[in-house]
Amino acid sequence: MNNKKRNPNLLTLKESRAIIKSNLREMKKYEKLKREKRTPDQYTTVMKSNDNILEIEDLETYFYTDNGVVKSVNKISFDVPKNSIIGLVGESGCGKSVTSLSIMQLVQAPQGQVVGGEIRFNSGELGQENGQDKCYDITKMPTLDMCRIRGKDISMIFQEPMTSLNPVFTVGYQIEEVFYLNNPEGTKEEAHAKAIEMLTMVGIPMPETIINYYPHQLSGGMRQRVMIAIALTGNPKLIIADEPTTALDVTIQNQILNLLKRVQKDCEASIMLITHDLGVVAEMADYVVVMYAGKIVEKGTVYDIFDNPLHPYTIGIQKAKPSLASDAAEELYSIPGNVPNPINIPDECLFKGRCNMRCADCEGKCYPREIKVSPTHSVFCHLYHEEGGEG
């Protein structure tokens, strides 16, 4: 008789079939919703604050896998004010990029679906209702309607320019293509002039020559500048920059960051900067949102987060950053433990297994509610119970 216990981490055939059946049912439901014909009244609403360009409220983005449901973005809420830079910070896999793809309606379907929440985008073109700006709710927008604002009002600078640029077309052709999408009746001469103008704006020398180059003929920094030029062609109100300095040396990184700062001021646009580099955030951002395992753990102004970090995870990632003042013989701090399994994740504090500040309230309770320490600073932690107070 075999008394060997079953591995709890392995699924039985019956469990696997039940998961697949449930996934197919959910994916069909959300894909059907996407295909529904909707009138503008069904996907427009009003902003909570006219000072914001984007408001995300209780956003949920799930991935339906053969092993279970991955809650990649799990009820997160934050705002992007007008004419500002907001930094989205966290380690790999925390949901930063999935948040940006949800805003752009580019989550890989049918496995990936936005299942709840609101993404309110203030295009400034819908007028007002009772003194509040009317806006689009991107989570309810049909795909065809989303195509009218994607690339024009909201644009994205992707993480790796070599894979984002088409290798068989010149960089000038790819900029002109965006111009034609936003200006269907534009002439060839206008598109060519616009491409040269955008290459000049992002600081590329000899734009009349570079416009005929293919991506492989340019360096990494030049390709990233081309990506920024493409993103700016439609004069967007919101630019999402997904780790724009990845794989670039520090000198080029500084040039790209300075370029983004200048572009943000010149175009009066807002930037949502996604990165895991706290140095970039400290230099660039006005506001910071810290994410962990698909949840927000802390948010506030850049001064709130760096001068007065409250959540143990925020404190840990700041301690883990090397400093020129630190002793060379001193071992670099690292947060102990591992990120929890994202499949069928429980509704509780997800950092408690790695936290050296956990308290009795952390055990067996639901995810901590938002505690507003100040008008601009919020933390999600059981250590804090009252405004400005610590438990």
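One-based numbering along the sequence shown.
When every heavy atom of Ile53 is checked against every heavy atom of Lys82, the shortest pair comes out as N-CG, 3.8 Å. Looking at every heavy atom in both residues, Ser378 comes nearest to Glu370 through OG-OE2, 2.8 Å. Arg354 approaches Pro336 most closely through the heavy-atom pair NE-O, 2.8 Å. Across all non-hydrogen atoms, the minimal contact from Val114 to Tyr30 is O-CD2, 4.3 Å. Scanning all heavy atoms of the two residues, the minimum distance from Gly172 to Ala195 falls at O-CB, 4.2 Å. The shortest non-hydrogen separation linking Lys188 to Tyr180 is CA-OH, 3.1 Å.
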Chi angles and distances behind the side chain to side chain contact (heavy atoms under 4.5 Å, CB included) call for Tyr173, Asn212: CA-CA 8 Å; Tyr173 178 91; Asn212 297 314; over 6 Å; no
Lys237 and Asp153: salt bridge (charged side-chain N to carboxylate O under 4.0 Å, His left out), yes or no, with the steps? CA-CA 5 Å; Lys237 299 176 179 65; Asp153 293 327; 3.2 Å; yes
Using the rule given for side chain to side chain contact (heavy atoms under 4.5 Å, CB included), can you reason through Leu54 versus Ile119, listing the C-alpha separation, both sets of side-chain angles and the distance that settles it, and then say yes or no? CA-CA 7 Å; Leu54 187 79; Ile119 303 174; 3.7 Å; yes
Mind running side chain to side chain contact (heavy atoms under 4.5 Å, CB included) on Thr99 and Ile76 for me, showing each step along the way? CA-CA 9 Å; Thr99 301; Ile76 68 169; 3.6 Å; yes
If you apply the rule side chain to side chain contact (heavy atoms under 4.5 Å, CB included), what do you find for Val80 with Asn52, and how did you get there? CA-CA 6 Å; Val80 180; Asn52 295 330; over 6 Å; no
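In summary, the side chains of Thr61 and Ser102 do present a donor paired with an acceptor at a separation below 3.5 Å, with no hydrogens or angles considered. Side-chain contact check for Glu91 and Tyr313: at least one donor-acceptor pair (N or O, by modelled atom type) lies under 3.5 Å. With hydrogens and angles left out, the side-chain atoms of Asp137 and Thr45 include no donor and acceptor closer than 3.5 Å. Judged purely by distance below 3.5 Å, without hydrogens or angles, the side chains of Gln113 and Glu31 pair a donor atom with an acceptor atom. Asn23 and Glu26 are not linked by any side-chain donor-acceptor pair at a separation below 3.5 angstrom, with hydrogens and angles left out of the test. Side chains of Glu118 and Thr139: no donor on one and acceptor on the other come within 3.5 Å. Side-chain contact check for Asn83 and Glu268: no donor-acceptor pair (N or O, by modelled atom type) lies under 3.5 Å.
No more than 12 heavy atoms of other residues, nucleotides or ligands shown are found within 6.0 angstrom of CD on Gln108. Counting non-hydrogen atoms of neighbouring residues, nucleotides and ligands closer than 6.0 angstrom, the CZ atom of Arg17 reaches no more than 12 such neighbours. Open room surrounds CG on Leu144; 12 or fewer heavy atoms of other groups in view lie less than 6.0 Å from it. Taking a 6.0 Å sphere around CG of Asn338, one finds it holds 12 or fewer heavy atoms contributed by other residues, nucleotides or ligands. Remark: Lys48 NZ is loosely packed, at most 12 non-hydrogen atoms of other residues, nucleotides or ligands lying under 6.0 Å away. The neighbour count for Tyr303 OH, taken as heavy atoms of other residues, nucleotides or ligands under 6.0 Å away, does not exceed 12. The number of heavy atoms from other shown groups lying within 6.0 Å of CZ (Phe179) is above 12.
Distance check, rounded to the nearest 0.5 Å: CG of Leu126 to OH of Tyr136 gives 4.5 Å. Note: Ile271 CD1 to Met284 CE = 5.5 Å, rounded to the nearest 0.5 Å. In this structure, the separation between CD1 on Ile149 and OG on Ser155 is 11.5 Å, given to the nearest 0.5 Å. With values rounded to the nearest 0.5 angstrom, Phe158 atom CZ is found 10.0 Å from Ser97 atom OG. Atom CD of residue Gln128 and atom CG of residue Asn50 lie 5.5 Å apart, to the nearest 0.5 angstrom. Atom OG of Ser123 is separated from atom NZ of Lys134 by 10.5 Å, given to the nearest 0.5 angstrom.
Salt bridge status for Lys194 with Glu176: absent, with no side-chain N to carboxylate O gap under 4.0 Å. Contact check on Lys352 versus Glu348 returns a salt bridge, with a Lys/Arg side-chain nitrogen under 4.0 Å from an Asp/Glu carboxylate oxygen.
Annotation: side chain of Tyr287 is not in contact with side chain of Ile85 (no heavy-atom distance under 4.5 Å). In this structure, the side chains of Val171 and Leu218 come closer than 4.5 Å at one or more pairs of heavy atoms. Between Leu106 and Arg150 the shortest side-chain heavy-atom distance falls below 4.5 Å. Side-chain contact between Val379 and Val373: present, with at least one pair of heavy atoms (C-beta onward) separated by less than 4.5 Å. No side-chain heavy atom of Thr301 sits less than 4.5 Å from a side-chain heavy atom of Ile305. Side-chain atoms of Thr143 and Gln105, non-hydrogen and from C-beta on, do get closer than 4.5 Å to each other. A 4.5 Å side-chain heavy-atom check between Ile138 and Met141 finds at least one atom pair inside the cut-off. Inter-residue side-chain proximity for Tyr62 and Val70 is flagged as unmet; no heavy-atom pair is nearer than 4.5 Å.
Of the candidates Leu273, Ile228, Asp242, Ile157 forms a side chain to side chain contact (heavy atoms under 4.5 Å, CB included) with just one, namely Ile228. Residue His377 forms a side chain to side chain donor-acceptor pair (under 3.5 Å) with just one option from Lys299, Glu298, Lys372, and that option is Glu298.
A cation-pi arrangement is present between Lys295 and Tyr367, with the terminal nitrogen or guanidinium carbon under 6.0 Å from the aromatic centre and inside a 45° cone about the axis.
Remark: the backbone N or O of Leu310 is not paired with any side-chain donor or acceptor of Thr314 at under 3.5 angstrom. Judged by distance alone, the side chain of Gln318 and the main-chain N or O of Ile315 form no donor-acceptor pair under 3.5 Å.
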